[in-house]
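Encoded as structure tokens, the structure appears first; notes follow it.
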Amino acid sequence: MKQPYVYITKKIPKEVIGPLEKIATVKMWNGESEKVPVEFLKREVANATALFTTLDDTIDHSIIENSPQLKVISNMAVGYDNIDISTATKHSIFVCNTPDILNDTTADLAFALLMSSARRIVEGQQFIKDGYWKDWGPLLMVGRDIHHKTLGIVGMGRIGEKVAKRATGFDMEVLYHNRTKRDSVGEALNATYCSFDELLEKADFIINLLPLTDETRNKFDESAFSKMKNTAIFINVGRGMSVVEEDLIYALQNGEIASAGLDVYRHEPISNQHPLLKLDQVVLVPHIGSATIETRTKMMQLTVQNIVNVLEGKYPEAYVNKDVKL
Ligand code: GLV
């Protein structure tokens with residue numbers, strides 16, 4: 001086998017991996033609908049120099065430590081909570097991601113969920129499909145206004161900024177909560193910093209954009225939902241593990257909040273029997289925040305480019321463990 005050897009955990013279009021095939025042997029998982037099994041992945045990666053992963057691949061210490069040649073793990077996502085960063089760093093392995101190129105696309109989806117939940121788009125379609133539409137009614141399928149309402153952004157990073165920008169077009173008041181107050185961003189986007197609790201109490205729409213860390217795990221729990229307005233709509237395009245799903249379901253079933261729009265879940269994929277699907281006022285999509293052909297193509301290209309750079313002895317374009325040196 002020509003060295004270096006690169007393993008890719010998903011089917012990636014031929015034209016995207018072209019630059020890699022010029023300089024390495026490339027192997028790809030070919031499964032149609034199931035994920036690469038862990039033991040199989042471990043064997044495939046044992047001799048690999050580079051690994052192309054996606055956010056549903058758990059790359060833990062056992063995989064990393066079983067791969068003595070590994071130089072780079074290139075994750076096709078902005079998030080990297082699926083990778084054991086400290087073990088990778090200990091072994092001088094670059095962990096790469098795809099920041100920035102998905103900001104606008106993900107902000108669009110956050111807004112799409114917000115609008116679908118507020119204006120009952122999915123429920124409305126189901127209502128027609130089920131044959132219930134017999135008459136026009138003054139209060140038929142009434143939702144809630146979006147314009148001139150208060151939006152609360154939890155996690156004001158680069159995607160949060162894009163969400164705030166969209167909100168200004170809807171004449172919304174924007175509140176944000178973040179680990180650190182971001183004065184310049186706040187001013188530029190007319191967004192007001194506030195505590196987590198104040199945001200929960202004041203916002204009509206709450207969008208979670210937090211990455212998953214020990215601090216953000218289970219952040220939206222019973223206590224958080226009980227502080228929200230009864231009319232609040234909760235949107236999650238961050239990570240599912242930040243939300244205690246039973247508590248969210250309880251809050252929705254008991255009228256503590258009005259509705260939710262979710263892109264991410266604690267355990268993905270969720271089954272079609274998931275209790276959230278039994279709630280009419282909830283809009284669910286299958287982790288598609290960055291899923292447009294334009295953005296996903298750029299993400300695949302950057303994931304490849306990050307590997308190419310390392311194989312050519314250069315720093316990757318985007319990597320998260322800055323302690324790793326060439
Ligand atoms: C999506 O969730 C990502 O991290 O890119």
Side-chain angles (χ1 to χ4, degrees), residues 1-31 35-36 38 40-103 105-106 158 211-212 239 287 289-291 295-326:
M1 190 193 287
K2 179 171 82 181
Q3 284 299 333
Y5 158 50
V6 181
Y7 191 75
I8 304 183
T9 63
K10 292 282 182 327
K11 266 193 183 162
I12 300 295
K14 213 86 201 100
E15 57 279 14
V16 177
I17 56 165
L20 267 182
E21 284 184 321
K22 285 196 192 129
I23 57 170
T25 299
V26 180
K27 269 180 87 181
M28 216 185 282
W29 171 244
N30 258 326
K35 218 169 108 162
V36 53
V38 175
F40 182 87
L41 178 63
K42 238 184 207 170
R43 278 200 305 276
E44 292 298 301
V45 181
N47 300 314
T49 320
L51 179 57
F52 179 130
T53 54
T54 56
L55 51 81
D56 57 342
D57 298 310
T58 303
I59 308 300
D60 63 10
H61 70 100
S62 72
I63 295 186
I64 297 172
E65 279 167 354
N66 195 45
S67 317
Q69 332 254 22
L70 203 57
K71 286 202 167 91
V72 51
I73 302 166
S74 194
N75 205 36
M76 187 190 150
V78 63
Y80 43 86
D81 49 273
N82 56 315
I83 298 169
D84 181 342
I85 303 290
S86 66
T87 305
T89 306
K90 196 169 97 195
H91 292 276
S92 297
I93 297 168
F94 288 104
V95 177
C96 307
N97 66 341
T98 60
D100 296 326
I101 47 186
L102 44 60
N103 296 345
T105 302
T106 308
R158 289 167 289 202
L212 178 64
R239 283 291 182 263
H287 204 150
S290 60
T295 293
R296 285 287 169 85
T297 302
K298 285 186 202 145
M299 288 168 72
M300 289 187 289
Q301 286 166 338
L302 178 55
T303 308
V304 163
Q305 192 56 48
N306 282 331
I307 296 176
V308 169
N309 278 20
V310 176
L311 298 186
E312 288 180 342
K314 296 187 274 207
Y315 279 100
E317 283 187 18
Y319 64 106
V320 298
N321 49 350
K322 300 289 179 196
D323 288 342
V324 175
K325 304 288 174 215
L326 281 171

note = Partner of N75 under side chain to side chain contact (heavy atoms under 4.5 Å, CB included), picked from N82, V320, N306, is N82
ask   = Testing T303, V95, L51 for side chain to side chain contact (heavy atoms under 4.5 Å, CB included) with S74, which one passes?
value = T303
key: Qualifying residue for side chain to side chain donor-acceptor pair (under 3.5 Å) with D56, from H287, K10, K35   = K10
key: Polar side chain donor-acceptor pair, D57 to T9, under 3.5 angstrom   = yes
task = Report the C-alpha distance between V308 and L20 in whole Å, list the side-chain angles of each, state the deciding distance to 0.1 Å, and finish with yes or no for side chain to side chain contact (heavy atoms under 4.5 Å, CB included).
result = CA-CA 6 Å; V308 169; L20 267 182; 3.9 Å; yes
request  = Output the distance between atom CG (N321) and atom NE2 (H91), rounded to the nearest 0.5 Å.
outcome  = 12.5 Å
request  = Mind checking the OG1-CE spacing from T53 to M76? Nearest 0.5 Å is all I need.
outcome  = 10.5 Å
ask   = N309 side chain to Y315 main-chain N or O, any donor-acceptor pair under 3.5 Å?
value = yes
task = Could you grab the distance from atom CG of D81 to atom CD1 of I85, nearest 0.5 Å is fine?
result = 9.0 Å
query = When you measure from the side chain of K322 to the backbone N and O of Y319, does any donor-acceptor pair fall under 3.5 Å?
reply = yes
message = Quick one about S62 and D60 (side-chain donor to acceptor, distance below 3.5 Å, no hydrogens or angles considered), yes or no?
response = yes
Q69 backbone acceptor or donor facing N47 side chain under 3.5 Å = no
key: Gap separating the CE atom of M300 from the OG1 atom of T98, nearest 0.5 angstrom   = 11.0 Å
Min side-chain heavy-atom separation Y7-L41 under 4.5 Å = yes
